[in-house]
Amino acid sequence: MNLRQINLLWEEYKRKYNIDSDVKISAVKYDTDKYVEGCFNLLELMEGKYILHLNKNMHLYSDNYAKFILFHEFTHFYDFINCPYEEQDKMFMWMNAYSEYHACKVTLARFIEMFTLTEVHLDKIQLPGPYKEISIRRLLVESFYRTKICFDQFFSTFQLNDFASGFRQLMYLFGYLSLFKNDEWMVEQTLASLHFEDECFTNLYHGLKNMEFDQVIDNYKEISEVAMLIYIRASFRRYYDRDILPDDEIGKITLDNYKDYIEELDRKKAEQERLAQAGQ
């Protein structure tokens, strides 16, 4: 699929949603990672480079699935053009939270031509897949397990990229679930299964659903800060032995004081090493 064909589909998307914009996609590159079907690079968009990155296997997919991917990415493009924030940090959070949720909601609704789902639709409605159709049930199950795997990996290795992947997958899942009549219950059960029962996640969903963007930013920031603190404390444990940093002391480390802890613990570590060398 070349740039002209993609921009024709972008025009179709704009007509579908009554979008008044002359902005066009400037280039298409088939260079995404193996497991990424498509994406825009937000830094490129901010520089005015409207480049759509796609998986090189796109030409092997069914036309409907290729369109499914493109409509998802077009929603990101639309959201960027209409982002309510100018500050880079807030723009990143809004795109990573609301736009991922929005893209999944819009794309699923577009292909099933309805905005309210019930349990009867779980197996009845079929969606385009890369090579064959899949049910909405399978879409939800796979989305849930991708979310769980990413977060389980984060709590195992404490790498922030795993948290970012898990958060993005959760936004996908929120977008799909928002179309269900009993979405509140489904979100509650999903969060319970993930052991995310903190009200921050529930409030985030409500902010997404009600387009209360400041609430989305505030809750995303709070959740991210908790993840950052988990990462920092795990890093401290990897680097400092328990005789320098006891377990009961780790809980006192915060985002506000962790740099002070580094200075003090490095001093203790250096002193311990000096004494060890002197005793040899």
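For reference, positions follow the sequence shown, starting with 1. Computation of the quantities below employed the complete heavy-atom set of this structure, encompassing side-chain atoms and omitting hydrogens, waters and symmetry-equivalent molecules.
- Within the 4.5 Å cutoff, side-chain heavy atoms of Gln215 are placed close to those of Asn203.
- Linking Ile, Leu, Val, Met, Phe, Trp and Tyr whenever their side-chain heavy atoms come within less than 4.5 Å puts Ile253 and Leu160 in one cluster.
- Under the 4.5 Å side-chain heavy-atom criterion for Ile, Leu, Val, Met, Phe, Trp and Tyr, Val36 and Met1 are members of distinct hydrophobic clusters.
- At least one side-chain heavy atom of Leu255 sits less than 4.5 Å from a side-chain heavy atom of Met228.
- Around CZ of Arg4, the count of heavy atoms belonging to other residues, nucleotides or ligands within 6.0 Å does not exceed 12.
- Note that NZ of Lys67 and OG of Ser62 are 11.5 Å apart. Values are rounded to the nearest 0.5 Å.
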message: Checking Asn96 against Tyr101 for the side chain to side chain donor-acceptor pair (under 3.5 Å) test, could you report, in this order, the C-alpha distance in whole Å, the side-chain angles of both residues, the deciding distance, and whether it holds?
response: CA-CA 9 Å; Asn96 288 337; Tyr101 159 90; over 6 Å; no

- request: Run the numbers on Arg242 and Asp247 for salt bridge (charged side-chain N to carboxylate O under 4.0 Å, His left out), then give the verdict.
  value: CA-CA 7 Å; Arg242 284 177 170 79; Asp247 287 338; 3.1 Å; yes

- request: Decide side-chain contact (heavy atoms from CB on, under 4.5 Å) for Ile51 and Ile25; before the verdict, give the C-alpha distance in whole Å, the side-chain angles of both, and the deciding distance to 0.1 Å.
  value: CA-CA 6 Å; Ile51 303 170; Ile25 297 166; over 6 Å; no

- prompt: Going through the distances and angles, do Glu37 and Tyr61 end up as a side-chain contact (heavy atoms from CB on, under 4.5 Å)?
  reply: CA-CA 11 Å; Glu37 301 288 27; Tyr61 299 153; 2.9 Å; yes

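- A single hydrophobic cluster is not seen to contain both Phe201 and Ile149; linkage of ILVMFWY side chains at heavy-atom distances under 4.5 Å, directly or through other members, places them apart.
- Expressed to the nearest 0.5 Å, how far NE2 of His121 lies from CZ of Arg137 amounts to 13.0 Å.
- At a cut-off of 3.5 Å, with distance as the only test, no side-chain donor of Glu44 or Tyr50 sits close to an acceptor on the other residue.
- A donor and an acceptor atom, one from each side chain of Glu100 and His76, are located under 3.5 Å apart.
- Side-chain contact check for Tyr205 and Asp183: at least one donor-acceptor pair (N or O, by modelled atom type) lies under 3.5 Å.
- For the atom pair Asp214 CG and Asn219 CG, the distance stands at 11.0 Å (nearest 0.5 Å).
- Both Val141 and Ile112 are part of a single hydrophobic cluster, where members link through side-chain heavy atoms under 4.5 Å apart.
- Counting heavy atoms from C-beta on, the side chains of Ser135 and Gln126 come closer than 4.5 Å.
- Under the 3.5 Å distance criterion, with hydrogens and angles disregarded, no donor-acceptor pair is assigned to the side chains of Ser21 and Tyr78.
- His102 and Asp79 share a donor-acceptor pair across their side chains, judged by distance under 3.5 Å alone.
- Phe180 is listed as a side-chain neighbour of Leu140, based on a closest heavy-atom distance under 4.5 Å.
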query: Would Arg110 and Glu12 count as a salt bridge (charged side-chain N to carboxylate O under 4.0 Å, His left out) if you check the C-alpha gap in whole Å, the side-chain angles of each, and the deciding distance to 0.1 Å?
result: CA-CA 12 Å; Arg110 160 68 180 80; Glu12 178 186 330; 3.7 Å; yes

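- In this structure, Phe111 and Phe68 have tilted ring planes: the angle between them lies in the 30° to 60° band.
- The minimum heavy-atom distance between Thr75 and Val106, with the atom names listed, is OG1-CG1, 3.7 Å.
- Here the straight-line distance linking atom CG of Leu139 with atom CD1 of Ile125 works out to 11.5 Å at 0.5 Å rounding.
- In this pair, Phe155 and Phe151 present their aromatic rings tilted. The plane angle is within the 30 to 60° band.
- Between Phe40 and Phe77, the ring centre distance stays below 6.0 Å.
- Ring pair Phe71/Phe74 is tilted by interplanar angle, where 30° to 60° counts as tilted.
- When all heavy atoms of Lys24 and Trp10 are compared, the closest pair comes out as CA-NE1, 4.1 Å.
- Across all non-hydrogen atoms, the minimal contact from Thr32 to Cys39 is CG2-SG, 4.2 Å.
- A distance-only check finds no donor-acceptor pair linking the side chain of Asp33 to the backbone of Tyr35 [under 3.5 Å].
- Counting heavy atoms from C-beta outward, Phe144 and Leu170 have side chains that stay 4.5 Å or more apart.
- The number of heavy-atom neighbours closer than 6.0 Å to CD of Glu119, taken from other residues, nucleotides and ligands shown, is 12 or below.
- Partners of Lys14 under the salt bridge (Lys or Arg N to Asp or Glu O under 4.0 Å) rule, at least two apart in sequence or in another chain, are Glu11.
- Looking at every heavy atom in both residues, Gln169 comes nearest to Ser143 through O-OG, 4.0 Å.
- Between the side chains of Asn257 and Thr254, a donor-acceptor pair is found at a separation under 3.5 Å.
- Each of Tyr13, Tyr176, Tyr172 was evaluated against His72; a single residue qualifies, Tyr172, per the ring pair (Phe, Tyr, Trp, His ring centres under 6.0 Å) test.
- Between Met58 and Leu54, the shortest heavy-atom contact is CG-CB, 4.0 Å.
- Under the 4.5 Å side-chain contact rule for hydrophobic residues, Leu43 and Ile81 share a cluster.
- Side chains of Glu184 and His206: a donor on one and an acceptor on the other come within 3.5 Å.
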task: Check step by step if side-chain contact (heavy atoms from CB on, under 4.5 Å) holds for Ile262 and Tyr240.
output: CA-CA 10 Å; Ile262 291 174; Tyr240 299 107; 3.9 Å; yes

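- No side-chain heavy atom of Asn2 sits under 4.5 Å from any side-chain heavy atom of Val28.
- Contact check on Arg267 versus Glu264 returns a salt bridge, with a Lys/Arg side-chain nitrogen under 4.0 Å from an Asp/Glu carboxylate oxygen.
- Using modelled atom types, one finds no donor on one side chain facing an acceptor on the other under 3.5 Å when comparing Tyr231 with Gln159.
- Of all heavy-atom pairs spanning Thr147 and Gly166, the tightest one is CG2-O, 3.8 Å.
- The shortest side-chain heavy-atom distance between Asn41 and Leu45 does not fall under the 4.5 Å cut-off.
- Evaluated for a ring pair (Phe, Tyr, Trp, His ring centres under 6.0 Å) with Tyr98, the options Tyr220, Phe213, Phe174 yield exactly one hit, Phe213.
- Put simply, CE on Met91 and OG on Ser99 are 11.5 Å apart, with the number rounded to the nearest 0.5 Å.
- Glu133 and Asn64 share no side-chain donor-acceptor pair at under 3.5 Å.
- Relative to the six-membered ring of Tyr239, Lys269 meets both conditions, a distance below 6.0 Å and an angle of at most 45° to the axis.
- Side-chain contact between Phe154 and Ser165 is absent, with no heavy-atom pair separated by less than 4.5 Å.
- The 12-atom threshold is not exceeded at CD of Glu199, counting heavy atoms of other residues, nucleotides or ligands nearer than 6.0 Å.
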Verdict with reasoning, Lys181 to Leu117, per side-chain contact (heavy atoms from CB on, under 4.5 Å): CA-CA 6 Å; Lys181 189 175 182 179; Leu117 295 168; over 6 Å; no

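- Taken to the nearest 0.5 Å, the CD atom of Gln153 stands 11.0 Å off from the CZ atom of Phe158.
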